2 protein chains.
Amino acid sequence: MGQQDEDMPSMRSSDGSATRSVRSDAKRNTDALLEAAMEVFATRGVDAPVREIAQKAGVGIGTVYRHFPQRADLIAAVFRREVDACADAAAALSASYGPADALAAWLLRYTDFIAAKRGLAPALHSGDPAYVSLHSYFKEKLLPVLRGLLDAAIEAGEVRDDIESMELLSAVANLCISAGKADGAVARRMVSLVVDGLRYGATDKS
Amino acid sequence: MGQQDEDMPSMRSSDGSATRSVRSDAKRNTDALLEAAMEVFATRGVDAPVREIAQKAGVGIGTVYRHFPQRADLIAAVFRREVDACADAAAALSASYGPADALAAWLLRYTDFIAAKRGLAPALHSGDPAYVSLHSYFKEKLLPVLRGLLDAAIEAGEVRDDIESMELLSAVANLCISAGKADGAVARRMVSLVVDGLRYGATDKS
DNA sequence: ACCTGAACACCGTTCAAGT
DNA sequence: ACCTGAACACCGTTCAAGT
């Protein structure tokens, strides 16, 4: 379902200027906006002034509202973007490490993501229609990734095989949320403990 | 540590009008403010306009800021007031029911309190200095109450004796927080399950 | 002492004017 | 089509003027 702006002759206007040029302009703006919003949300919280985000992205305030009519739309877009990044990180880790180490490394990456998103937890549980879809997006995107990593590690006999990936996904998230607001160090330690627990019951006890 | 404004002759000014009269005026205002704030917070959330609370309490906006310089101060005051009410509820329950039933009834009362305060959870975990003291207030006030009820029920052989009151206090709170935003019905069901679990392992198995 | 509300600052949101 | 920012509405906060 990606946008296929490429290779479409009909999109060129008669004067030779590409219609896409204005679209790429808009796309550059949304990208800059998402990037700026991510940084501002991280440092000043999700209630940060829209003006600050617009300024950081180098666009007018009106442009923010053109692309994201409500603040929640911008927040949701940033959230999806980071979910994607977290999901995508798995491939590189699988290529670089053995199954159990890749699983461990990804869980820490996932931990950092959750810890950074703690400010969003209340909004996600608020029932606000703008956020309800984020729950399923989160699960549909990350559960298969974790399942893949977990199955590979189980297959290799490097971790125990009596843990459900969904339970693990929820457990780690809950750990991170309740593990205080210490910049994620506590959360990482707790998760490492869980990972060691996974390794402890490995079928291959060599 | 209660205020003893009563029976203090030195507080009366020479003209016969009680100095206390202006104080009681102020006290009436703070009471009205706390009452109004509690209702407004419950219906419109803790971000509700201060003007609305002032209007509901029948005072000027300046009066709100005189008594509660920051919004957090008002929120904290409302929170303490409800913690007190929850703690105080135990005595009547103990007088009306047997030990295990009193414990069960109080845990549901506590559940309602937590469920109503879910909107505050993010603030409580934010590390905001205005809220840090609420954690200890919560624990110091409610833990002894629960311990008393639990010990009495254990003593009577009506519930199992291998549960720490602190763990129970936290567990029920976490249950309520994570039990969705369904108006508390889910939370009450989950807590009832826990209570049944407590009864299941009672020493007196008659 | 305490209360009040006009006044100020700030932020979300819109929309007429630009390109 | 898309971008801009002045303009408007709303809310938090202060403080000079009242009692």
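A, B, ... follow the sequence lines: proteins, then strands. Residue 1 opens every chain. As the structure is a prediction and not an experimental result, all values here were calculated from the model.
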Polar pair under 3.5 Å, donor/acceptor by atom type, side chain B:R71, base D:dG12: no

5'-most by nearest nucleotide on DNA chain C - A:A48 or B:I61: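 Upstream on the strand: B:I61.
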
Nucleotide [N], atom [atom2] - distance to [atom1] of [X] in whole Å:
X     : N      : atom1 : atom2 : result
B:K27 : C:dA1  : NZ    : C1'   : 17 Å
B:R66 : C:dA1  : CZ    : C1'   : 7 Å
A:F68 : D:dC3  : CZ    : P     : 11 Å
A:D47 : C:dC11 : CG    : C1'   : 12 Å
A:D73 : C:dT13 : CG    : C1'   : 13 Å
B:Q70 : D:dT13 : CD    : P     : 7 Å
A:I53 : C:dC11 : CD1   : P     : 12 Å

Electrostatic pair A:R81:A:D84 at N-O distance under 4.0 angstrom: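 So A:R81 does not pair with A:D84 through a salt bridge.
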
Parallel, tilted or perpendicular: ring planes of B:F113 versus B:F138, cut at 30 and 60 degrees: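 Ring orientation of B:F113 relative to B:F138: parallel.
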
Using purine N1 to pyrimidine N3 plus N6-O4 or O6-N4 for Watson-Crick, or N1-O2 and O6-N3 for G-U wobble, each under 3.5 Å, what pairs with [N]?
N      : value
C:dC3  : none
C:dA17 : none
C:dC10 : none

Beyond-backbone contact of A:L168 with A:V194, side-chain heavy atoms, under 4.5 angstrom: yes

Side-chain touch B:V64/B:R71, heavy atoms, less than 4.5 angstrom: no

[X] side chain near [N] phosphate (N/O to OP1/OP2, under 4.0 Å):
X     : N      : answer
B:R51 : D:dC11 : no
B:H67 : C:dC2  : no
B:N29 : C:dC3  : yes

Pair A:D73-A:Y65, side-chain donor/acceptor within less than 3.5 Å: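 No, A:Y65 and A:D73 have no side-chain donor paired with an acceptor closer than 3.5 Å.
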
Selection from C:dC3, C:dG12, D:dG12 that lies nearest to any side-chain heavy atom of A:P49: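 That would be C:dG12.
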
Upstream residue (5' side of DNA chain D) when B:G62 and B:Y65 are each assigned their closest nucleotide: B:Y65

